[in-house]
Chemist: 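Can you keep this structure in mind? I'll have questions shortly.
Worth knowing before you read on, the calculation uses all heavy atoms, side chains too, and leaves out hydrogens, waters and symmetry mates. All residue numbers refer to positions in the sequence shown, counting from 1.
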Amino acid sequence: MKECIFCRIVKSEEKAYKIYEDDDVLAFLDIDPISFGHTLIIPKDHYENIFEIKSEILQKVISAAKMLAEIYMKKLNCTGVNLVNANGKDAQQSVFHFHFHLIPRYPNDGIDLWFHRHKLKNKVNIDLDGVFRLLKS
């Protein structure tokens, strides 16, 4: 896709700090990082989201994420990582090319990516029994 920034990075039409590359996967530093080493991991072929990506490609992307996380623990001395993925506009996906954010974490880095129900503007009561029945039917 010509208009996709990640596809242009794959084709080297846009500059990127490429950290890892194989036949199917590319990883590069995020241009607006929230932590030291914040990396995007993408399939080289264009898949908009998790609903489109082929399972065998998804396995390769997640394997690359694991490998990079282990490298970052050694080389960047991070003490943990967050692996973040959004699918669809309502999930706050901003680049519509499937990707993971690998976010290295450090002691007292001040980053809070966790879910906090008390901060939600529209609190909802979720009927777990109802959700379970729908998913199991």
Chemist: Out of L134, D129, L135, which residue meets the side-chain contact (heavy atoms from CB on, under 4.5 Å) rule with V131?
Modeler: L135

Chemist: Hey, any chance I41 and L29 share a hydrophobic cluster, counting ILVMFWY side chains that come within less than 4.5 Å of each other, even indirectly?
Modeler: yes

Chemist: How long is the gap from NE2 on H99 to OG on S94, to the nearest 0.5 Å?
Modeler: 5.5 Å

Chemist: Could you state the interatomic distance from CD (E52) to CG (N87), rounded to the nearest 0.5 Å?
Modeler: 10.0 Å

Chemist: What's the shortest heavy-atom distance between V81 and P104, and which atoms?
Modeler: CG1-CA, 4.1 Å

Chemist: Do L102 and Y106 sit in one hydrophobic cluster, given that two such residues count as connected whenever their side-chain heavy atoms are within less than 4.5 Å of each other, even indirectly?
Modeler: yes

Chemist: Which residue pairs pass the side-chain hydrogen bond (donor to acceptor under 3.5 Å, both in side chains) test with at least one member in residues 27-37, sequence neighbours excluded?
Modeler: D30-H38

Chemist: What pair of heavy atoms forms the shortest contact from N82 to R105, and how long is it?
Modeler: OD1-NH1, 2.5 Å

Chemist: Measure from the side-chain N and O atoms of H97 to the backbone N and O of V95, and report whether any donor-acceptor pair falls under 3.5 Å.
Modeler: no

Chemist: Tell me which donor-acceptor pairs under 3.5 Å the side chains of residues 66-78 have, and how far apart each pair is, sequence neighbours excluded?
Modeler:
from : atom 1 : to  : atom 2 : distance (Å)
K66  : NZ     : E70 : OE2    : 2.3
Y72  : OH     : T39 : OG1    : 2.7

Chemist: I'd like to check D109 versus F36 (side-chain heavy atoms, cut-off strictly below 4.5 Å). Are they in contact?
Modeler: no

Chemist: May I ask you to decide if I9's main-chain N or O and E14's side chain share a donor-acceptor pair within less than 3.5 Å?
Modeler: no

Chemist: Heavy atoms only: give me the nearest P43-I53 pair and the separation to one decimal.
Modeler: CG-CD1, 4.0 Å

Chemist: Examine I42 and I50 and state if one hydrophobic cluster contains both, with Ile, Leu, Val, Met, Phe, Trp and Tyr joined whenever side-chain heavy atoms are less than 4.5 Å apart.
Modeler: no

Chemist: Pick from Q59, K54, K60: which one makes a side chain to side chain donor-acceptor pair (under 3.5 Å) with D24?
Modeler: K60

Chemist: Check for me, please, whether I19 and V61 land in the same ILVMFWY cluster - side-chain distances under 4.5 Å, paths through other members count.
Modeler: yes

Chemist: Nearest 0.5 angstrom please: D45 CG to D23 CG, how far?
Modeler: 10.5 Å

Chemist: Given the rule that I, L, V, M, F, W and Y join up when any side-chain heavy atoms are under 4.5 Å apart, are L58 and L83 in one cluster?
Modeler: yes

Chemist: To the nearest 0.5 angstrom, please state how far the CD atom of E21 sits from the NZ atom of K44.
Modeler: 3.5 Å

Chemist: Please determine which of F6, Y17, Y20 meets the ring pair (Phe, Tyr, Trp, His ring centres under 6.0 Å) test together with F28.
Modeler: F6

Chemist: Do F96 and F98 make the cut of ring centroids closer than 6.0 angstrom?
Modeler: no

Chemist: Under 3.5 Å, is there a donor-acceptor pair between the side chain of N49 and the main chain of F51?
Modeler: yes

Chemist: Looking at E56, I'd like to know if its CD atom is crowded, meaning that more than 12 non-hydrogen atoms belonging to other residues, nucleotides or ligands lie closer than 6.0 Å.
Modeler: yes

